[in-house]
Protein chains: 2
Amino acid sequence: MGRDGTPTRNKILAESKQLVFENGFSGTSIDQILERTGITKGAFFYHFKTKNALAKALIEEFAREDIHHMNEALKKTEDLKGDALDRLLRFIQEFIDMMCEVDEPYSCLYASYTYEPNQFDEETLNRIAETILTWRTTMEKLINDVLKKYDTKIEVDIQSLADHTVVIFEGAFVVSKALKGKDLTADHLRHLKNYFELIFEKKK
Amino acid sequence: MGRDGTPTRNKILAESKQLVFENGFSGTSIDQILERTGITKGAFFYHFKTKNALAKALIEEFAREDIHHMNEALKKTEDLKGDALDRLLRFIQEFIDMMCEVDEPYSCLYASYTYEPNQFDEETLNRIAETILTWRTTMEKLINDVLKKYDTKIEVDIQSLADHTVVIFEGAFVVSKALKGKDLTADHLRHLKNYFELIFEKKK
DNA sequence: TTTATTGTACCAACTAGTCTGTTTAAAATT
DNA sequence: AATTTTAAACAGACTAGTTGGTACAATAAA
């Protein structure tokens, strides 16, 4: 039954993600995507019914990978469950290491879409919120584990502390892109780690 | 000689800034701007030679206001120069107060432009970097003042600590837009304030 | 053969930008 | 003070190119 279209589909996804980071979504034309991929219009519209279907597929894939990274980092730190603070710090360290490996400023589709929200349907935008809320839940769990044996030196709202990680990711991406300094992202995650380190103190 | 064009020019700037936040820059058509302002094409292109001239004017105005806010906050805290840490914390508090007053998620043109960089010329993008670096310089000064009487509990790089404020602004804007929670921005500035509070300890 | 893919010509709507002309208000002249 | 001049400010029809999307023929594997 016909040939295998998945390489084509993947090429479209990969190249258009890149293009969206360079030009924004509405600044990226389908013709540009065709040129970059060497694919024709027929093939494109076979795989994606509309340009917005591509937008949705892009965010879907990006969100899946994002949550996958998060879960991988959770797994890698499972052995530290004994000291929940150690684990939390190692969890952040995983992403510091990840960001050190990259060789150009990292970009995030959430921010990209968020700054031209009218281009997308509710469902697409909800997918972004949903993923950020998944991060929130995960971080809340990690933090609450810490709070079993630690107090906070300053009174803090746990939910917003949980969100703070995503905030620093997003902010660091923007600034590192604007200043063209790929190392900035890791630096700011280190500050987040510092904050976690400083805010908790062992219960007596 | 002729009528006064500044109200028209200002209306164009105000409405197109709003449109850029909703649709992105390349997602905003000149026709849309005309519709929103009730102005005609002739008037638009009288005030701005090209669409990119508008982009530049927008970022110019935004940057000027941004630096103005920064300097206002500096002025308002001058009386606290005696204790540099107090001053730093009050400086951040100024922006917390500012963000509490707003009644919808705040948006930043720096992030908007940064996520479709190919739409703009070098000069426009440089204006963004320049402004962020002005923030860096200001924060470095505030922090170095603190360091005269305080040590840091954890070894930190001053430059990246200085940048951290902008990072948290930008990240908080993105997340508060994505989650449609206008209060989030202030919350995360509070975390920044906490961080500053925790990281410094009086020299003996 | 059949069905999943891909190629290409085409279209209506929209894009940024131009062109020519009109209005307006202040300054120069009477 | 009334009139004319001047240039800034605006109006809106027009254009050449681009946009997302369609129709349908061609091709390739099962």
Side-chain angles (χ1 to χ4, degrees), chain A residues 1-59 109 112-113 116-121 123-124, chain B residues 1-59 61 112-113 116-121 123-124:
Chain A
M1 12 156 115
R3 42 195 151 158
D4 182 18
T6 50
T8 304
R9 195 188 131 95
N10 287 336
K11 215 197 289 187
I12 295 173
L13 286 172
E15 294 297 331
S16 38
K17 184 170 73 175
Q18 200 49 45
L19 279 166
V20 169
F21 288 145
E22 294 165 15
N23 313 315
F25 181 74
S26 58
T28 300
S29 72
I30 289 167
D31 283 347
Q32 271 177 292
I33 297 172
L34 304 185
E35 204 180 347
R36 257 306 229 266
T37 53
I39 279 161
T40 59
K41 226 160 213 198
F44 179 90
F45 280 103
Y46 170 76
H47 288 285
F48 303 98
K49 228 162 112 177
T50 65
K51 198 191 174 193
N52 263 279
L54 170 67
K56 212 167 147 184
L58 278 175
I59 207 74
L109 270 190
S112 178
Y113 282 23
E116 41 180 339
N118 284 5
Q119 308 298 336
F120 310 101
D121 52 31
E123 217 178 336
T124 300
Chain B
M1 352 164 130
R3 40 193 151 162
D4 182 17
T6 49
T8 304
R9 195 188 132 95
N10 287 337
K11 216 199 285 188
I12 294 173
L13 286 171
E15 294 297 330
S16 36
K17 186 171 72 176
Q18 200 49 47
L19 278 166
V20 169
F21 287 145
E22 293 165 14
N23 313 314
F25 181 74
S26 57
T28 300
S29 74
I30 289 166
D31 283 344
Q32 272 177 291
I33 297 171
L34 305 184
E35 205 181 350
R36 268 283 240 275
T37 52
I39 279 163
T40 60
K41 222 152 217 201
F44 179 89
F45 280 102
Y46 171 76
H47 287 285
F48 303 98
K49 227 162 111 175
T50 64
K51 197 191 173 192
N52 264 278
L54 170 67
K56 211 167 151 185
L58 277 175
I59 207 74
E61 193 191 51
S112 178
Y113 282 24
E116 42 179 339
N118 283 5
Q119 309 296 334
F120 310 100
D121 52 32
E123 217 179 334
T124 301

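Convention: sequence-line order gives letters A, B, ...; per-chain numbering from 1.
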inquiry  = Parallel, tilted or perpendicular: which one describes the rings of Phe25(B) and Phe120(B), with boundaries at 30° and 60°?
reply    = tilted
key: Phosphate-side-chain proximity, His47(A) and dT6(C), N/O vs OP1/OP2 below 4.0 Å   = yes
query = Any donor-acceptor pair under 3.5 Å between the side chain of Lys41(B) and the base of dA16(C)?
reply = yes
task = Identify which nucleotide among dG17(C), dG21(D), dA11(D) has an atom closest to any side-chain atom of Ala43(B), counting heavy atoms from C-beta outward.
result = dA11(D)
query = What is the nucleic acid contact for Ser26(A), judged by heavy atoms within less than 4.0 Å: base, sugar-phosphate only, or nothing?
reply = nothing
note = Of all heavy-atom pairs linking Ile59(A) and Leu109(A), the shortest is CD1-CB, 3.8 Å
Ser29(A) side-chain proximity, nearest of dA16(C), dT19(D), dA11(D) = dT19(D)
ask   = So what does Thr28(B) hit on the nucleic acid, given a heavy-atom distance under 4.0 Å: a base, only sugar-phosphate, or nothing?
value = sugar-phosphate
request  = With heavy atoms under 4.0 Å as the rule, sort Gly42(B) into base, sugar-phosphate or nothing.
outcome  = base
message = Could you report the tightest heavy-atom contact between Gly24(A) and Glu116(B), atom names first, then the distance?
response = N-CB, 3.5 Å
query = Rounded to the nearest Å, what distance is computed from the NZ atom of residue Lys51(B) to the C1' atom of nucleotide dT18(D)?
reply = 13 Å
dT6(C) OP1/OP2 closer than 4.0 Å to side-chain N/O of Thr8(A) = yes
query = What's the CD-P distance between Glu35(B) and dA16(C), to the nearest Å?
reply = 13 Å
key: Glu123(B) backbone acceptor or donor facing Lys56(B) side chain under 3.5 Å   = no
Closest to the Phe45(B) side chain, choosing from dT18(C), dG7(C), dG20(D) = dT18(C)
request  = Check the distance between dA11(D)'s C1' and Ile12(B)'s CD1 and give it to me in whole angstrom.
outcome  = 13 Å
key: Nearest-angstrom distance from the residue atom CD1 of Ile33(B) to C1' of dC14(C)   = 15 Å
query = Whole-Å distance between dG17(D) P and Asp31(A) CG?
reply = 15 Å
inquiry  = What is the separation between atom CG on Asn10(A) and atom P on dT6(C), rounded to the nearest whole Å?
reply    = 11 Å
remark   = DNA chain D nearest-nucleotide lookup for Gln32(A) and Ile39(B): closer to the 5′ end is Ile39(B)
query = Considering all heavy atoms of both residues, which atom of Ser112(B) and which atom of Val20(B) are nearest to each other, and what is their separation?
reply = OG-CG1, 3.6 Å
task = Look at the side chain of Thr40(A) and decide which nucleotide, out of dT8(C), dG20(D), dC10(D), has an atom nearest to it.
result = dT8(C)
task = In whole angstrom, give the distance that lies between atom CZ of Phe44(A) and atom P of dA9(C).
result = 20 Å
request  = Round to a whole Å and report the spacing from CD1 of Ile30(B) to C1' of dT18(D).
outcome  = 14 Å
task = Using the closest heavy atom to pick a nucleotide of DNA chain D for each, name whichever of Tyr46(B) or Asn52(A) lands nearer the 5' end.
result = Tyr46(B)
